[in-house]
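Below: one structure, written as structure tokens.
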2 protein chains.
Amino acid sequence: MREPRPTIHDVASRAGVSKSLVSLAMRGSPKVSDASREAILQAAADLGYRPNAAARSLADRRSRTVGVLVLDLHNPVFADILDGIQSEVRAQGYSTMLVTGAADPDREQAELDKLLEFQVEGLILVSHRLSPAALRRFAAEVPTVVVTRDDIHGPRIDTISNDDVAGGALAAEHLISLGHTRIAHLAGGDNPVARNREQGYRDAMTSAGLEDDITVIPGGLTDAAGYASAQRALAGPRPPSAMFVANDIAALGAIAAVQECGQSVPGDVSVVGYDGIALGALRTLSLTTVAQPLERMGTLAAQRLFARIERPRQRAHHVLVESELVVRGSTAAPAIDL
Amino acid sequence: MREPRPTIHDVASRAGVSKSLVSLAMRGSPKVSDASREAILQAAADLGYRPNAAARSLADRRSRTVGVLVLDLHNPVFADILDGIQSEVRAQGYSTMLVTGAADPDREQAELDKLLEFQVEGLILVSHRLSPAALRRFAAEVPTVVVTRDDIHGPRIDTISNDDVAGGALAAEHLISLGHTRIAHLAGGDNPVARNREQGYRDAMTSAGLEDDITVIPGGLTDAAGYASAQRALAGPRPPSAMFVANDIAALGAIAAVQECGQSVPGDVSVVGYDGIALGALRTLSLTTVAQPLERMGTLAAQRLFARIERPRQRAHHVLVESELVVRGSTAAPAIDL
DNA sequence: CACGATTATTGGAACGTTCCAACGGAAAGG
DNA sequence: CCTTTCCGTTGGAACGTTCCAATAATCGTG
């Protein structure tokens, strides 16, 4: 265990060849004779040789690794996006280094600094909380793709996102079309994604002539936040008959609060979420939501990143994916009276 | 962007000192004079210098990195455990490299091989699916801690786990004490954790004189699996009045199936899960469960790993943490008749 | 005021790989 | 039979760090 790992030299001397030939053979070069190849592979296996990635990346000047930052592993949204990223990255023969920022900009920066020290060749940021300046600084050093947000533009910053304004409108329109008027929005806090969804809600309400009914309850993107803001909404003087919640996880919290109030979903209150997490499809929850193509967003992000690694100076791409309303059991027409 | 990164040499010549002194200064050595330190730091900042982790790890012969393998990022259990691991690892000044195996032994091996090429100093395996031989092979190369399982023992393999047999018994006893007799177990598939939970169920049923009522429905550890096996259980000739499901996620699936059958939880069927995921605490779900101290398990794992990195040859520790029954709204006494 | 002790600084070797120019030997061409 | 071409193979330099032994500069101290 503590004894030093075998190196390429050890393999070379055991196989009776030079280190250069071992290097060639390990990478499957066709210029190695069959006899040598076999001897080398055998020697490597005997010794339990593993190439040292640090040395390789140093000599090679490339790490074949991309860094991925995700906001929060507790939200299943990110697991889905990650699936897409990982499969594409692996297909390219690269590895991923995954870090989380816990929604703290300073820690995000620190984690990204670490990734750059590891010489990652590119960065995928899934729902970061960086300042525009910080983001641009990183993007200037290494190809960068931002997933989920497209508010910060820069010469070399690609983005993959859905149209949160349109999605928010979709959610609100659905409730309006069911006949609701007292529709509250449980907002998702101080970040552009949440602000856009709120904007969509406001737009839809206004278009429907319901601008006087616009009610925005501040909140956040966690179940606890959704629970708390739903409670506040219900305690108000004129409780809503429907809620559009900033994301699915918070919507689950909101549903819990409604039920705890002795009211039913969708009988007394309809609830719409946003994201399309797998959990929402369970009959128990049966959450109506605006679903993003999460895994595909991950795949697209990785593809864009490799394209940019290939040609770093190309102009920024901003890919917009389609989100769609998925109507399930958490929404219905309002009760007869108001 | 494509221009080569500044190196320690560039910093040295800009600051008018030798590369060795820069190396010292960057690591905060006290032997550097204030004047030099200031000049060096300034030069490094001017150039945007970042130490190259690959070169450092090569020269230093240590990467200050630990590798973490998790089974599946979709199960929130692992996010909780990871929180514990990450905070402890960071506190030690190390980084983590996180990979997932998608429950496929071959891919797990491949991912671990990659981690070893990166010269990680230790491995934390959270719910792996490796063969004993494969696990021992890795443990022979690098300090290794296994979280969640303790079935494979080896001279240098530490484990952190809860007593799944006892936990399974706890769940079953709870249902028995409520007065249930037709208690089915929705099993978690072919892995030791699930097998132990099943064993606990069997033990408790037998102790209560209910051995003839033992009913085990094969299944898995995902929501879809729980949904499917619950359907099968309910379709049987003598449907259960209570179910103990192998984990929380599958229990959520099971509840969905029950409700879809037109039955209610806990009115018609009580459901107990296992793990203690945060979601289960939501009023909507209100899942009775056997809760493991997940985050603490992560912390303990990291602590054990560092202890073993320090002293590699110490004998294996097997830490057993306490799980506890958390009674919530998904369980109740059975309906009067049978 | 010379002396060893301390302090700050330095160049070179080492880490394990890849790349490259160069090599010897065998096959092919005249 | 001698050149040319090709192929498999090789040693050395390079990658960007850290470590170490050695040096230069500063300091008391007897």
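Convention: sequence-line order gives letters A, B, ...; per-chain numbering from 1.
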Problem - Interatomic distance where CD belongs to A:Gln119 and P belongs to D:dG16 [whole Å] - result: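 From A:Gln119 CD to D:dG16 P: 9 Å.
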Practice task
Please state how far atom CD in A:Glu38 lies from atom P in D:dG8, giving the value in whole angstrom units.
Solution key: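 Going from A:Glu38 (CD) to D:dG8 (P), I get 16 Å.
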Would you say the side-chain atoms of [X] pair up with the backbone N or O of [Y], donor to acceptor, closer than 3.5 Å?
| X | Y | result |
| --- | --- | --- |
| B:Glu108 | B:Arg129 | yes |
| A:Glu121 | A:Ser63 | yes |
| A:Arg37 | A:Ser29 | yes |
| A:Thr7 | A:His9 | yes |

Polar atom pairs (N or O), protein with nucleotides 4-8 of chain C, under 3.5 Å:
none

Handout entry: Bending between helix ends of the helix from C:dC1-D:dG30 to C:dG30-D:dC1 [5 pairs per end, 10° resolution]
Key =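 Overall, the helix from C:dC1-D:dG30 to C:dG30-D:dC1 bends by 50° from one end axis to the other.
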Practice task
Work out which heavy atom in A:Asn52 is nearest to a heavy atom in B:Leu58; give both atom names and the distance.
Solution key: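 Reported closest heavy-atom pair: ND2-CD1, 4.0 Å.
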Problem - Residue met sooner reading DNA chain C from 5', once B:Ser18 and A:Ala54 are mapped to nucleotides - result: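 First, find each residue's nearest nucleotide; the 5'-ward one identifies B:Ser18.
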Practice task
Produce a footprint string for nucleotides 17-22 of chain D: one letter per nucleotide, 5' end first; B if the base is under 4.0 Å from any protein heavy atom, S if only the sugar-phosphate is, - if neither.
Solution key: BBB---
Problem - Pairing of A:Arg62 and A:Asp60 as salt bridge, 4.0 angstrom limit - result: no
Exercise for the section: Sequence neighbours left out, what passes side-chain contact (heavy atoms from CB on, under 4.5 Å) with A:Gln314? Give chain and number order. Expected result: A:Arg304, A:Ala307, A:Arg308, A:Arg311, A:His317
Handout entry: Gap separating the CD1 atom of A:Ile309 from the CZ atom of A:Arg64, nearest 0.5 angstrom
Key = 10.5 Å
Exercise for the section: Could you tell me which residues satisfy side-chain hydrogen bond (donor to acceptor under 3.5 Å, both in side chains) with B:Thr159, sequence neighbours excluded, listed by chain and number? Expected result: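 With sequence neighbours excluded, B:Thr159 shows a side-chain hydrogen bond (donor to acceptor under 3.5 Å, both in side chains) to B:His318, given in chain and number order.
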Problem - Pairs flagged by salt bridge (charged side-chain N to carboxylate O under 4.0 Å, His left out) wherever residues 14-24 of chain B is involved - sequence neighbours left out - result: B:Arg14-B:Asp46
